[in-house]
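These notes are about the structure you will find just below.
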Amino acid sequence: MRSLSFRWLSNTILSVQNPASANRAIPFRGLGVGAAPPRMDKKREEQPSAREITVKFKPEVNQMQRILDTDSSGGWEKCWEQGLTPWDLGQPTPVLLHLHHTGALPKGNALVPGCGSGHDVVAIACPERYIVGLDISEKAIKKAEELSSSFPNANCFKFLRADFFSWHPPELFDLIFDYTFFCAIEPEMRSQWAVQIRDLLKPDGELITLIFPIDDHIGGPPYKVSVSDYEEVLCPLGFKAVSLADNEMAIKGRKGREMIGRWKRSSTQCSL
Ligand SMILES: C[S@@+](CC[C@H](N)C(=O)[O-])C[C@H]1O[C@@H](n2cnc3c(N)ncnc32)[C@H](O)[C@@H]1O
């Protein structure tokens, strides 16, 4: 048996029953989309086989999951109120900062859905790029505002409390950055997530996703994700991955289980 530590879950321990499955190499995928890895269907997710792994979460994570399981409407707010935020890095996501500093991020209007305490929002906001950080939790938005109010770029971003799925902003976005939001929502909401991403993005806008956690665990949040989970909901809407690569700058504990995907809408169909 082998243990893996996931920092999103603040030292969450995954007990892997099938090391061969856990060690599966995640191939580098450059431009374009290759053959998608096989996707587990829902039935299989509900009836775990010996191939899958058992997750032994730390008490804080179990508590968070219990709250979200039992309170589908106010669960996130409760997590924030109780300080159950094991996903929070307490700093901007390194690869996002790198893309910003190397001029590799689109300018214009950008959205960070499920922004939490807003580190990523503040990190990439600049006079050429106005960022909206959106979160359903009032407490999260308050925290994000408190943390960021004295920043010199404070006029380049704002935080809004709203439900991503029913939010209708006055303007569309040039960039949407999703990190640990897709994996936090119920898997059956993913198609709706994709539709909303499409509706919020300008036709030539870009979606950047950090695809995490790529593994085989059961349950969530965070729910396990794979590139094909994104392709399955994005491709039918005309999105194509313009690049997919391992995130070499992932924080310790997420390395090897995180990829960066850059998606744009295209007139040509992507092959699933
Ligand atoms: C796992 S946390 C990730 C936070 C942040 N992206 C990070 O990496 O620190 C997911 C966030 O999504 C927010 N959230 C959940 N459902 C939402 C919804 N329907 N609309 C907007 N935000 C939502 C939660 O309140 C929580 O802050």
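Start at 1 and go down the list; that is how both ligands and their atoms are numbered.
Nearest heavy atoms, E186 versus Y223: OE2-OH, 2.9 Å. For the pair S266 and K240, the tightest heavy-atom approach, listed with the atom from each and the gap, is OG-CD, 3.8 Å.
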Using salt bridge (Lys or Arg N to Asp or Glu O under 4.0 Å), reason through E206 and R262 one step at a time and then give a plain yes or no.
CA-CA 7 Å; E206 183 173 342; R262 302 187 69 153; 2.4 Å; yes

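When each of I136, L200, I185 is checked for a side chain to side chain contact (heavy atoms under 4.5 Å, CB included) with F164, only L200 meets the rule.
No N or O atom of D88 sits closer than 3.5 Å to an N or O atom of ligand 1. Checking only distances, P113 never comes within under 3.5 Å of ligand 1, N or O to N or O. Of the N or O atoms in S137, none lie within a sub-3.5 Å distance of an N or O in ligand 1. Annotation: I136 places an N or O atom under 3.5 Å from an N or O atom of ligand 1; distance criterion only.
Using cut-offs of 30° and 60° on the angle between ring planes, the pair W263 and Y230 is parallel. Below 30°, between 30° and 60°, or above 60°: for F212 and Y179 the angle between ring planes is above 60°, a perpendicular geometry.
For ligand 1 and F165, the ligand atoms under 4.0 Å from any heavy atom of the residue are 19 (N). Every atom of ligand 1 with a heavy atom of D163 under 4.0 Å away is listed here by number and element: 18 (C), 19 (N), 20 (N). Listed by number with element, the atoms of ligand 1 under 4.0 angstrom from any heavy atom of Y179 are 6 (N), 8 (O). Distances below 4.0 Å separate heavy atoms of G116 from the following atoms of ligand 1: 4 (C), 27 (O). Close approach to C115 involves these atoms of ligand 1, each under 4.0 Å from a residue heavy atom: 5 (C). Set against the non-hydrogen atoms of W80, the atoms of ligand 1 under 4.0 Å away are 25 (O), 26 (C), 27 (O).
Taking the charged nitrogens against the carboxylate oxygens, K78 and D71 do have a contact shorter than 4.0 Å, which makes a salt bridge.
Residue P222 does not touch ligand 1, judged by heavy-atom distances below 4.0 Å. Of all the heavy atoms of A162, the ones lying under 4.0 Å from any atom of ligand 1 belong exclusively to the backbone.
Within a 6.0 Å sphere centred on NZ of K264, heavy atoms belonging to other residues, nucleotides or ligands number more than 12. In K202, the NZ atom is crowded: over 12 heavy atoms of neighbouring residues, nucleotides or ligands sit closer than 6.0 Å.
Among F164, F212, F181, the residue whose heavy atom lies nearest to atom 23 (C) of ligand 1 is F181.
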